[in-house]
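One structure is given below, encoded as structure tokens.
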Amino acid sequence: MGEPKRIGILTSGGDCAGLNAVIRAVVNRAVREYDWEVLGIKSATIGLLNRPPLAIPLKLHDADSLLTQGGTILGTTNKGDPFAFPMSDGTIKDRSEEIIAGYHQLGLDALIGIGGDGSLAILRRLAQQGNIKLIGIPKTIDNDVGHTELSIGFSTAVDIATEALDRLHFTAASHDRVMVLEVMGRDAGHIALRAGVAGGAHVILIPEIPYHLEKVCQKIRDRQDAGLHFSIIVVSEAVCTAEGDTLQKLQQFGECRLGGIGQYVADSISKCTGAETRVTVLGHIQRGGRPSAMDRILASAFGIAAVDLIAHGKEDLMVAWRDSQVINIPIAEAIKDYRTVNSQDTLVKTARGLGICLGD
Ligand code: F6P
């Protein structure tokens, strides 16, 4: 269809499972259906700062083994905002024009950007400023991109957190302990809620539902009174302390890293109930490794749809998942409407129905 094209693809923001499966789908569709060239841009927009820009041709045989590979063969970064780039001398510089020039040096007709809300916002700004035909694909284990029920990486992260909870059950029961699992989710509790329901947690704490420590302790005591001396708690890293403080483990390169709420909850519970507690921080295990079947399916469907949008002359759109169909929406809408857990969410009701304590 139409003129032969050369398209670029990049992965931006934190990695997650399923990124390589997207690359595989894009290469397959672009080459098989349209006979286009595909260039993989290295390390997100950082690759476009290099001269010459860092990009590799992606052929069918390069895509062959990508379906099950974790991470991203293109590399990525969640640092270095092009509009406020931290320079080695400590200054901050707007490097957007350099990135746009790098893009045009590659002779690209369109760009597929795979990213979360932050990355998609940056890519869209670059696209508007630099006349780049951009199609976005949502990815983030946090599942907080607006207007899509699923983003790449979320399903795998939930599976991993669920498996962790399954494993914690047995050791918790053997030792009569309260096990606390801290999971990721920078501002949204989707992973904790979903894995908590799937993994049979007794308490689920998410940032969207303010909790009272006393309610959590009462749940543990009720179980103890019923002869159940172990409990499983899953807490999202973004949950605050009872005093409303966000716990950040360390600051590096000006970035904030969440961490520590699991220990805080465990310590508080052992103080008020006398229970023996242990904490597991699941961390980047949720992001690495083989994608789940759902993430492979999503990645494949998104990759094909993104290429087809370019073929139809579309731009400034993001592919999204709704009712088991791929749809597309303006990128501007997706990044405007941040997706947190709604208190009326079916899973919130399900958790309550199961007698799971949400802390409120
Ligand atoms: O946004 C994805 C995410 O995995 C968050 O859940 C987490 O808080 C953060 O990234 C961790 O970032 P980093 O890889 O920089 O430690």
Side-chain angles (χ1 to χ4, degrees), residues 10-20 22 43-46 70-72 74-81 85-86 113-123 136-146 148 150-162 164 181-196 204-208 234-241 245-265 279-292 295 298-299 318 334-335 338-341:
L10 60 77
T11 49
S12 179
D15 78 322
C16 62
L19 295 175
N20 286 325
V22 178
S43 306
T45 48
I46 303 287
T72 161
L74 297 177
T76 187
T77 178
N78 56 6
K79 299 186 182 61
D81 176 354
F85 196 90
I114 312 169
D117 61 330
S119 295
L120 290 174
I122 287 172
L123 290 173
I137 297 183
K139 70 87 217 165
T140 165
I141 65 164
D142 299 350
N143 210 33
D144 53 6
V145 176
T148 182
L150 290 173
S151 291
I152 306 287
F154 174 63
S155 150
T156 307
V158 169
D159 284 358
I160 292 167
T162 302
L181 179 70
E182 179 181 309
V183 297
M184 281 186 167
R186 207 188 310 257
D187 301 296
H190 296 290
I191 297 177
L193 178 61
R194 221 174 258 221
I204 301 173
L205 300 179
I206 58 174
E208 294 88 343
V234 56
V235 55
S236 176
E237 63 178 358
V239 166
C240 294
T241 65
D245 297 323
T246 300
L247 294 183
Q248 297 168 17
K249 216 164 15 187
L250 58 99
Q251 303 263 166
Q252 210 185 13
F253 310 122
E255 306 283 327
C256 99
R257 267 194 228 167
L258 295 172
I261 191 67
Q263 191 63 55
Y264 169 86
V265 168
V279 182
T280 302
V281 180
L282 206 49
H284 292 79
I285 290 171
Q286 292 157 98
R287 294 219 314 233
R290 287 186 327 134
S292 67
D295 269 329
L298 196 64
M318 185 191 85
I335 56 185
Y338 186 72
R339 190 173 166 277
T340 53
V341 174

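Just so you know, ligand 1 is whichever comes first in the structure, and atom 1 is the first atom listed for that ligand.
Heavy atoms of Asn78 found under 4.0 angstrom from ligand 1 belong exclusively to the side chain. The proximity of Gln286 to ligand 1, defined as any non-hydrogen pair under 4.0 Å, does not occur for either the backbone or the side chain.
Here the protein heavy atom with the shortest distance to atom 9 (C) of ligand 1 is Arg186 NH2, 3.7 Å. Protein heavy atom in closest approach to atom 13 (P) of ligand 1: His284 NE2, 3.6 Å.
Between Ala44 and Thr77, the closest heavy-atom pair is CB-CG2, 4.0 Å. The shortest heavy-atom contact between Arg339 and Asn143 is NH1-O, 2.8 Å. Of all non-hydrogen atoms in Lys139 and Cys16, the two that sit nearest each other are CD-SG, 3.8 Å.
Remark: the backbone N or O of Arg186 is paired with a side-chain donor or acceptor of Asp142 at under 3.5 angstrom.
The only option from Val145, Leu120, Ile152 that meets the side-chain contact (heavy atoms from CB on, under 4.5 Å) definition with Thr140 turns out to be Val145.
For ligand 1, the atoms lying closer than 4.0 Å to a non-hydrogen atom of Arg287 are 3 (C), 4 (O), 9 (C), 10 (O), 11 (C), 12 (O), 13 (P), 14 (O). Interface of Glu237 with ligand 1, defined as ligand atoms under 4.0 Å from a residue heavy atom, comprises 5 (C), 6 (O), 7 (C), 8 (O).
Counting heavy atoms from C-beta on, the side chains of Val235 and Val183 never come closer than 4.5 Å.
The distance criterion of under 3.5 Å between nitrogen or oxygen atoms is not met by Thr140 with respect to ligand 1. Considering backbone and side-chain N/O of Gly185, one or more are found under 3.5 Å from N/O of ligand 1. The shortest N or O to N or O distance between Asp142 and ligand 1 is under 3.5 Å.
Considering only residues two or more places apart in sequence or on other chains, Arg287 meets the side-chain hydrogen bond (donor to acceptor under 3.5 Å, both in side chains) condition with Asp15.
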